[in-house]
Amino acid sequence: GTVPRRRPPRSDMGRTLTLLLLPLALLAAPARAEGGTAAAEEVHIEVLHLPETCSPKSKKGDLLNAHYDGFLASDGSKFYCSRTQNEGHPKWFVLGVGQVIKGLDIAMMNMCPGEKRKVTIPPSLAYGQQGYAQGKIPPNATLIFEIELYAVNKGPRSVEAFNQIDKDGDKKLSELEISQYLKEEFARDGKKRHPSAHDEILADIFKKNDHDGDGFISAKEYNVYQHDEL
């Protein structure tokens with residue numbers, strides 16, 4: 001007869017695969033710097049609040065949780081507020097891999113949980129000459145963000161994250177292992193979801209990550225950010 005597959009134990013895991021394996025659309029249409037002016041332009045960072053205990057500090061590849069408001073420097077009008085999106089939940093994104101505009105990737109390095117910053121981002125590190133009509137950002141706009149960082153976690157594409165999902169240690173993630181991981185994550189965030197959501201997300205993860213189609217996600221397939229020297 002068939003040997004029953006053993007049920008992996010619960011793990012105390014970082015944060016969601018769902019998040020990182022599904023697209024994060026947030027302000028993520030990075031413009032290329034136009035012309036040779038970019039070198040002279042940089043992100044201006046003003047620290048508004050620094051907690052007494054400032055650790056861990058964010059680094060490239062970390063998974064961050066933050067709220068932020070975006071304003072146009074020209075007239076101070078607000079074009080973005082994370083508190084009014086997604087039922088007011090703070091945003092999760094991976095730092096330094098282009099999930100947000102280049103200026104925010106720079107502005108949120110070495111930042112610790114509880115820290116607040118006001119950052120000014122030149123057009124070359126935001127939406128450049130094109131602007132971003134959908135986001136109400138005109139061409140050549142300098143942007144100001146007020147950011148509050150809540151959490152700094154090990155990045156979802158880190159070795160640590162992979163090993164925690166890979167319960168049997170065979171260096172590849174099976175459908176069972178990822179399914180179990182999704183269940184734990186869904187239980188942790190306590191949101192009501194239709195049962196079919198689990199299967200859809202699982203299918204989507206394999207479609208996007210199982211490049212050789214063998215039914216497993218290898219360490220190499222998992223680490224999509226390896227070119228960023230995580």
Side-chain angles (χ1 to χ4, degrees), residues 15-16 18-51 54 56-153 155-156 224-225 228:
R15 272 296 174 273
T16 58
T18 47
L19 258 165
L20 60 268
L21 294 177
L22 297 176
L24 291 175
L26 161 78
L27 292 179
R32 288 168 298 291
E34 272 89 21
T37 55
E41 296 191 308
E42 51 185 46
V43 175
H44 175 73
I45 297 172
E46 181 188 347
V47 176
L48 302 178
H49 173 72
L50 195 64
C54 185
K57 291 198 167 185
S58 59
K59 63 185 188 305
K60 186 175 187 171
D62 281 346
L63 184 63
L64 305 188
N65 186 233
H67 260 317
Y68 45 94
D69 295 327
F71 306 87
L72 297 179
S74 56
D75 62 2
S77 63
K78 187 184 284 194
F79 64 83
Y80 185 81
C81 173
S82 61
R83 289 173 176 83
T84 61
Q85 317 258 327
N86 189 25
E87 299 174 1
H89 296 297
K91 296 285 176 205
W92 286 102
F93 67 94
V94 180
L95 184 66
V97 298
Q99 286 188 346
V100 290
I101 55 172
K102 183 88 175 145
L104 280 175
D105 268 343
I106 294 168
M108 295 183 69
M109 290 284 178
N110 295 314
M111 197 172 177
C112 57
E115 185 174 340
K116 294 180 188 175
R117 289 182 178 180
K118 181 179 180 179
V119 302
T120 306
I121 299 175
S124 61
L125 297 173
Y127 295 99
Q129 289 174 0
Q130 296 87 7
Y132 181 49
Q134 199 183 335
K136 303 193 183 74
I137 295 165
N140 299 312
T142 296
L143 307 181
I144 294 172
F145 284 95
E146 289 181 3
I147 305 163
E148 182 172 4
L149 184 61
Y150 295 106
V152 175
N153 284 335
V224 294
Y225 302 135
D228 281 307

- Task: Using salt bridge (Lys or Arg N to Asp or Glu O under 4.0 Å) as the criterion, list what pairs up with Lys78, not counting sequence neighbours.
- Result: Asp69
- Message: Can you list everything that forms a side chain to side chain contact (heavy atoms under 4.5 Å, CB included) with Pro138? Sequence neighbours excluded, please.
- Response: Leu72, Ala141
- Item | Residues in side-chain hydrogen bond (donor to acceptor under 3.5 Å, both in side chains) contact with Thr120, at least two apart in sequence or another chain | none
- Message: Centre-to-centre under 6.0 Å for Phe79 and Phe145, is that the case here?
- Response: yes
- Query: What pairs with Asp75 under side-chain hydrogen bond (donor to acceptor under 3.5 Å, both in side chains), at least two apart in sequence or on another chain?
  - Reply: Ser77
- Query: What is the distance from atom OG of Ser74 to atom CG of Asn140, rounded to the nearest 0.5 Å?
  - Reply: 11.0 Å
- Note on the structure: For Glu146, the side-chain hydrogen bond (donor to acceptor under 3.5 Å, both in side chains) test, sequence neighbours excluded, returns none
- With a 4.5 Å limit on heavy-atom distance, are the side chains of Leu95 and Lys60 in contact? no
- Partner of Val119 by side-chain contact (heavy atoms from CB on, under 4.5 Å), out of Val43, Ile106, Val47, Leu143: Val43
- Query: Are any of the side-chain heavy atoms of Pro123 and Pro139 separated by less than 4.5 Å?
  - Reply: no
- Check Leu149 against Met108 and note the closest heavy-atom contact, atom names and distance. CD1-CE, 4.1 Å
- Query: Quick one: does Val100's side chain get under 4.5 Å of Asp105's, heavy atoms only?
  - Reply: yes
- Item | Qualifying salt bridge (Lys or Arg N to Asp or Glu O under 4.0 Å) pairs with a residue from residues 114-127, counting only residues at least two apart or across chains | Glu115-Arg117
- Query: Which atom names give the shortest non-hydrogen contact between Ile121 and Gly103, and what distance separates them?
  - Reply: CD1-C, 3.5 Å
- Message: Thr84: which residues meet the side chain to side chain contact (heavy atoms under 4.5 Å, CB included) condition with it, sequence neighbours left out?
- Response: Cys81
- Item | For the student: nearest non-hydrogen atoms of Gly114 and Pro51, plus distance | C-CG, 3.8 Å
- Message: Between Leu104 and Tyr68, is the side-chain contact (heavy atoms from CB on, under 4.5 Å) condition met? List the steps.
- Response: CA-CA 10 Å; Leu104 280 175; Tyr68 45 94; 4.1 Å; yes
- So CD1 of Ile45 and CD1 of Ile147: to nearest 0.5 Å the spacing works out to 8.0 Å
- Query: Cys54: what forms a disulfide bond (SG atoms under 2.5 Å apart) with it, not counting sequence neighbours?
  - Reply: Cys112
- Message: Just to verify, what does Asn65 make a side chain to side chain contact (heavy atoms under 4.5 Å, CB included) with, not counting sequence neighbours?
- Response: Pro90, Trp92, Tyr150, Ala151
- Note on the structure: Of all heavy-atom pairs linking Ser58 and Leu64, the shortest is CB-CD2, 3.8 Å
- Item | Residues in side-chain hydrogen bond (donor to acceptor under 3.5 Å, both in side chains) contact with Lys59, at least two apart in sequence or another chain | Asp62
- Message: Measuring from atom CD1 of Ile144 to atom CZ of Phe71, what distance do you get when rounded to the nearest 0.5 angstrom?
- Response: 8.0 Å
- When you look at Glu148 and Arg83, which way does the side-chain contact (heavy atoms from CB on, under 4.5 Å) test go after all the steps? CA-CA 11 Å; Glu148 182 172 4; Arg83 289 173 176 83; 3.5 Å; yes
